[in-house]
Every structure is written in C-alpha cells, then in structure tokens.
Amino acid sequence: MPKLTIDGIEVEVPPGSTVLQAAEAAGIEIPRFCYHDRLSIAGNCRMCLVEIEKTPPKPISSCTYPAAEGMIVHTDTPMVRNGRRGVMEFLLINHPLDCPICDQGGECDLQDQAMGYGMDHSRYAENKRAVKDKELGPLVKTVMTRCIHCTRCIRFISEVAGVPDLGATSRGEHMEVGTYVEKALSSELSANIIDLCPVGALTSKPYAFTARSWELTKTDSVDVLDAVGANIRVDTRGPEVLRILPRLNEDVNEEWLGDKSRFSIDGLKRRRLDKPWVRKDGKLQAATWQQAFDAIATKLHDTKGDRIGAIAGDLCDAESMLALKDLMAALGSFNLDCRQDGAKLTNARRDHYTFNTQIAGIEDADAILIIGSNPRREAPVLNARIRKAWANSGAKIGVIGAETDLTYPVTHLGTGTTALGAGETFLNGAKKPMVIVGQGALKHENLLAAAWGIASRAGALTPEWHGFNVLHTAAARVGALDLGFLSGKTAGEMLNGGVDVLYLLGADEFNIAKTGPATFVIYQGHHGDSGAARADVILPGAAYTEKSGTYVNTEGRVQRGFMATHPPGEAREDWKIIRALSAHTGHALPYDTIAAVRARLEQVNPVFANVGFLPRFGCSDTTAPAGDPAAVANVNFTPVIVHYHQTDTISRASPTMAACVAALEPAPAMAAE
C-alpha cells in the first residue's frame, strides 16, 4: 500500500486511493463540492486543489489525482489558498444572493466553504445568469439558478438509484441540469439528491419555507415504514414533526432513505386518534379512558380465554407486543398472530424468517435469486445494495415473479412456482449464492421449505456463508416472531369467527369486513383507518415518532428509536395503555417502567439485549423449515405492494404521498385477495 506525506503527516492508504481520500485518512479537511465517496469521480468543481511536490508547479485537484508512494502533498500553501479563492470567486459569479430566503441556509456547503476558503470581497458587478426552474415532481423543489454544476444529483440518480432521469444539456455557462423531457423523478430514492446538493438548487418541496435548521430539535430514531430499519433523524419544532433525514449506518442504509419514509410525515397530523371511543347503539361515541377500560373489562370478564385473540400490526414496537402477549396469557388466551397478510411463516428457528446474509452482505454475493419479491418497492434502500453488488462486482440476478424494472439487469426465470427449478439451475456454480424470498411467495403453503431447499442444494448454506434470506415488508414482523407472537388460531381464523373478542394492535392491513358482527373488536392505534372503523372500543396510541420503541429489522438487527414529540390529545404510548388495561382487568402486568419492559424483553428472548449489533454468521444446521417442497401448488407470484407510496396508516393519511401516487404511479389495479 502506498505511503505518502500530507502536511507533514505520513499516511498509508489502499491502492487506487486518491489524494483527497488519503487526506481524509490523515484527518485533514479538503473542501469539495462535486466529490462524494459513494459516487463516481467527476472532477467538476476544482475546489479540492492541493500542491504536490515534484509535479508541475500548479494547483492539482486532489479528488482525481491518485495517491502514490513517497508523494509529498501540501494542502495549505499560498498557491493552494489563491487557487481555492479563485475557484470560489468563479462559483459565486452567477450564484444569486438568496441566502436570507434559501431553505439550504444554515446547512449549505457553499456558505460554509465561502466563509472558510473564499475571499472577503467580490470583483463582480455585472448581471447574473438566470436559469429556468425544472419540475421534478411533488418532492424535490428546484431553484436552478443556484446550481453550480457539481453533477452529484445526476450521478446519484444514475449510479445508486439506477433510474437515469437526470442529465445535463448544453455546455459551459449554458449548461443546465434537468430531465430531458420534463417529468417527475421516478425513483423511490429520489429525495436523496436533496441531501447531496451542496447548494440550494435542490431542496425539499413539502418542507419549503417551514423552518430554519437551527430552530429544530433533532432526535435519533428508526424508520418503520418498511422492514429495512433505516436509521433516521426526526427534526421537530414544538409538538410537530417537520422533517425526517437519514442517519449514517454502513450496515443498514448507508446514508440513503426511501421517499416514503422521508415525506409521509404530514400523515402524522391527519386522521389521528386522540381520544378513546366506545360503540353504543351501533355508533362510536367519544369516551373517557375509564369508560373504555370498563367496556373492555366487562366483555373480557364474560369471555373464555380460548375465545379471545390478538393480532399485531406492521408498525408495532416490541414493547407493546410484549405487553399485549403477556396480557393475553394472563387472560388465558394464546391466540396470537402477527401475520395479518397471511404469510406462511413460523418462528421455530430464527434463520428461517430473517435476512441472514445481512444487508451489507449483499455486496459479497455473486449470484442472487429473488423469489416473489419486488425489492424496489418493498425495500428501496436494500434494492440499492443489490444494484451495488451488480455494479461493483458483477453479481448476476435472477427473478421469479412479475416482470418489472428493478433498476439493474435481471434474468427473468418465470412468474411462479413452475420456475423454481430454473431458479436452482441459475445459482449453479456460484461461490456465494443468495436466495431472497418475498412476501409474495410466502403467501403460499410450502414455499418457505422449497426456497430453503433451493438455497441448500445451491451451496448457499455453509458454515461460512448463510445465503437464505426472507425479505419482510413489515417493521414489526421479525420482532413479533422473536417474541413468539404467533400461536393458537391464525389471523384468518380469528377474523372468521374464531374468537369472540379480538384485540387489534395497530392492525389494518386486511379485509376487516370479514370480521363477524358478533365479534367484539378492540382497536389500539394512532390513525382512524379500517381497524378503527370496525372497532367497538378504540384506544388512541402513539405513532413511532411519539414513543421510545424497540424494532427488529428484516436482518434480525435490534434497534431503538426515541420519542421526538408527545402523542396528541389523550393518546398514550402503547405499552402504557396495555399496562393500565391489565390493572383494570385484575391482571396487572409486573412492570411499570420502560426499563422494566425491556428487561422482560431480554428475558423472553436474549436477542433483545444486543441493540444495534448483529454478528455475521454462517449456517451450521441445514434442517429445513416445516413443509413439503413437493406439495407446492402451481401458482403465480403477485406483487404485495400496489402503491409504494401508500402502504400503511401513516402514508395513506399523507397528502404528499397521495400527490406522489397521482404523479408517479399508474391507476391502481385490483389487489389480490
């Protein structure tokens, strides 16, 4: 590995590194606009100038210059300072004086670097250039006069998102960035270009002119609108969530975030449940907590334990599901289900229902077989990792399911179970094969066992490599399975008259009309969706930004989010509601604090003790899940997500997500039963 000296500091870097990367390794800051370590090198802005001994006596752009053995680099000489000041002066020649009204103010790289590396005066007095703004859809606002042609947005959309919507036309001063034919950006990751833009040319359209960055309180949390568990930062002002941004986590989401996770926050203010309701004479009427608990306690007192059931929804935290499970056990009921979509999963063994290769491990695979899943819609950040594996190492990808554009080349092997044999053949010869099974396949009996068999015969299950993966769509699913929230009667049986009292914990993603009129339905949740409409008693809970909660992502990684705002009105944190109800029914649960609940979580399953940490592991036991692969029916796999932007109670209440559906997605098809 080459060793070089930068400002007197000797540093050793991997072969192929640039001088800028070497400076970062040495802890030396070099300004830049166009360079980004996850994008290809463009060398557009020339801001990263340095001086290198024994080269022609001129400033050199460090982002494009390879580091070499014995090189001596200077990053703060008179030549470098004058060069950077000259570059900054050219950048500011046509940049408008928009700082007082620009949404990027306070978070602008151009502001920061003009202050740190620019001159203290300007020599320019002529009129500035003006550029027409571009319409990029409901999410990204453009002020293209501010654009400095760094091309970060173009490179991200093309290289990471894999949807080449953006490009540059003309040259020199006349160059403009935009779509060739004006249209909305079609990527589910499009809003990441807002974070990448070093000036205010691309900003958030829903957030425009709402707040300044220094007015916001910032809280770390975890995204729950898909099962990836992207790390996020929730920005609030007073009681309102104003913005969600991604946090860096190399193992999960790198620094990207899906558009739905970022922009559905306006749904947190609409259709909220902020008080208890009790159905009287066929109509829901506002009630007190005492009245709601009385109605539930009266019904439970007259109902046998085996006629009581509970279904956990897709956005639930582990604490609330644990409390509900303990309450059901105290009532003598073991009818629990977290699979409101009917997925044929069991919790007998953890690696039968998790993404065992791990998200970061996707980059190591050389062949990937996707069965019954559309990761572009179900998990766009994870889909970007699959594209990265294809782009960086040439991984081949086969798909069994509906034909669609996944943003990378695929071999379409078939639409259903008849193609499983072709899928196994596709993986032949791979050193690190992966099988990804989606919920579209898991709706069918025996598919889990069949997919495991394919992985086993393809050599994907070895002590060094675990290539069997289940891609979930629900943030609560893995945590619920870890807790054993799966026993007794299934969700379908409970809905079809199998119980007399049905407790829905944020469960809305099924045909609630199937529930018979004789079933007493308790709905605990935060939005007035389908479950609340059918309920006999409504208990207002907290959304994920309004409580501290533990979530387990599709890999099995335990993560925690923290309370950013308080729930509205009389709504309360979910585990606290269940704890209060348990005392009212005479079965008080043995914990009163969040710390005690989490101690109980670890008691039920030790995996909850390893927050944020997930070791890599292979597969030493290749015993297949229950089921007969030979009995798989001849079926086609249908998509489980019709509209990416509307998949849960929060996003369905979001006007921004409704605008995205109208602008980006075709007319809705009839969803499969």
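Remember, it's a predicted structure, so these values are computed and weren't measured experimentally. The chain is numbered in sequence order, starting from 1.
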Enquirer: Decide, yes or no, whether a salt bridge links E188 with R377 under the criterion of side-chain N to carboxylate O below 4.0 Å.
Expert: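 So E188 does not pair with R377 through a salt bridge.
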Enquirer: Looking at D133 and R146, is there a salt bridge between them, counting it only when a charged N and a carboxylate O are closer than 4.0 Å?
Expert: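 Salt bridge flag = no for D133 with R146.
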Enquirer: Looking at R262 and D195, does any basic side-chain N land under 4.0 Å from a carboxylate oxygen?
Expert: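 Yes.
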Enquirer: Looking at E182 and K132, is any side-chain nitrogen of the basic one under 4.0 Å from a carboxylate oxygen of the acidic one?
Expert: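 Salt bridge flag = yes for E182 with K132.
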Enquirer: Regarding D7 and T75, do their side chains bring together a donor and an acceptor under 3.5 Å, going by distance alone?
Expert: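 On atom types as modelled, these side chains qualify, holding a pair under 3.5 Å.
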Enquirer: If we ignore angles and hydrogens, is there a donor and acceptor under 3.5 Å between the side chains of S654 and S651?
Expert: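 Side chains of S654 and S651: no pair found under 3.5 Å.
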Enquirer: Return yes if a side-chain donor-acceptor contact under 3.5 Å exists between D259 and S190, otherwise no.
Expert: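 A donor-acceptor contact under 3.5 Å links the two side chains.
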Enquirer: Using only heavy-atom distances, determine whether the side chains of K260 and T647 contain a donor-acceptor pair under 3.5 Å.
Expert: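 Side chains of K260 and T647: pair found under 3.5 Å.
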Enquirer: Check this for me: does any side-chain nitrogen of one of D314 and R477 sit under 4.0 Å from a carboxylate oxygen of the other?
Expert: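 Yes, this pair counts.
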Enquirer: Can you see whether H149 engages E173 through a side-chain donor-acceptor pair at a distance of less than 3.5 angstrom?
Expert: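 Judged by distance alone, the side chains do not pair up.
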Enquirer: Just by distance, with hydrogens left out, do S373 and E378 show a side-chain donor and acceptor under 3.5 Å apart?
Expert: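 Present: a donor and an acceptor within the cut-off.
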Enquirer: What pairs of residues pass the side chain to side chain donor-acceptor pair (under 3.5 Å) test when at least one of them lies in residues 103-118, not counting sequence neighbours?
Expert: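 Passing the test, one end in residues 103-118: E107-R243.
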Enquirer: Run the side-chain contact (heavy atoms from CB on, under 4.5 Å) test against M71 and tell me which residues pass, sequence neighbours left out.
Expert: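 Testing M71 for side-chain contact (heavy atoms from CB on, under 4.5 Å), a comparison that skips the adjacent residues, returns L4, V19, I52, Y65, A68, V73.
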Enquirer: Hey, are K205 and E135 close enough for a salt bridge, meaning a charged N less than 4.0 Å from a carboxylate O?
Expert: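 Yes, charged N to carboxylate O under 4.0 Å.
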Enquirer: Is it the case that the side chains of S40 and E159 hold a donor-acceptor pair, with the cut-off being a distance below 3.5 Å and no angle test?
Expert: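 There is such a pair (donor and acceptor under 3.5 Å, judged by atom type) between the side chains of E159 and S40.
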Enquirer: Which pairs, with at least one residue in residues 221-234 and sequence neighbours excluded, count as a side chain to side chain donor-acceptor pair (under 3.5 Å)?
Expert: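 Non-adjacent pairs meeting side chain to side chain donor-acceptor pair (under 3.5 Å): D223-S261, N231-N249, N231-Q559, R233-D235.
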Enquirer: Quick one: do R652 and E509 make a salt bridge, cutoff under 4.0 Å?
Expert: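 A salt bridge is present here (some side-chain N lies under 4.0 Å from a carboxylate O).
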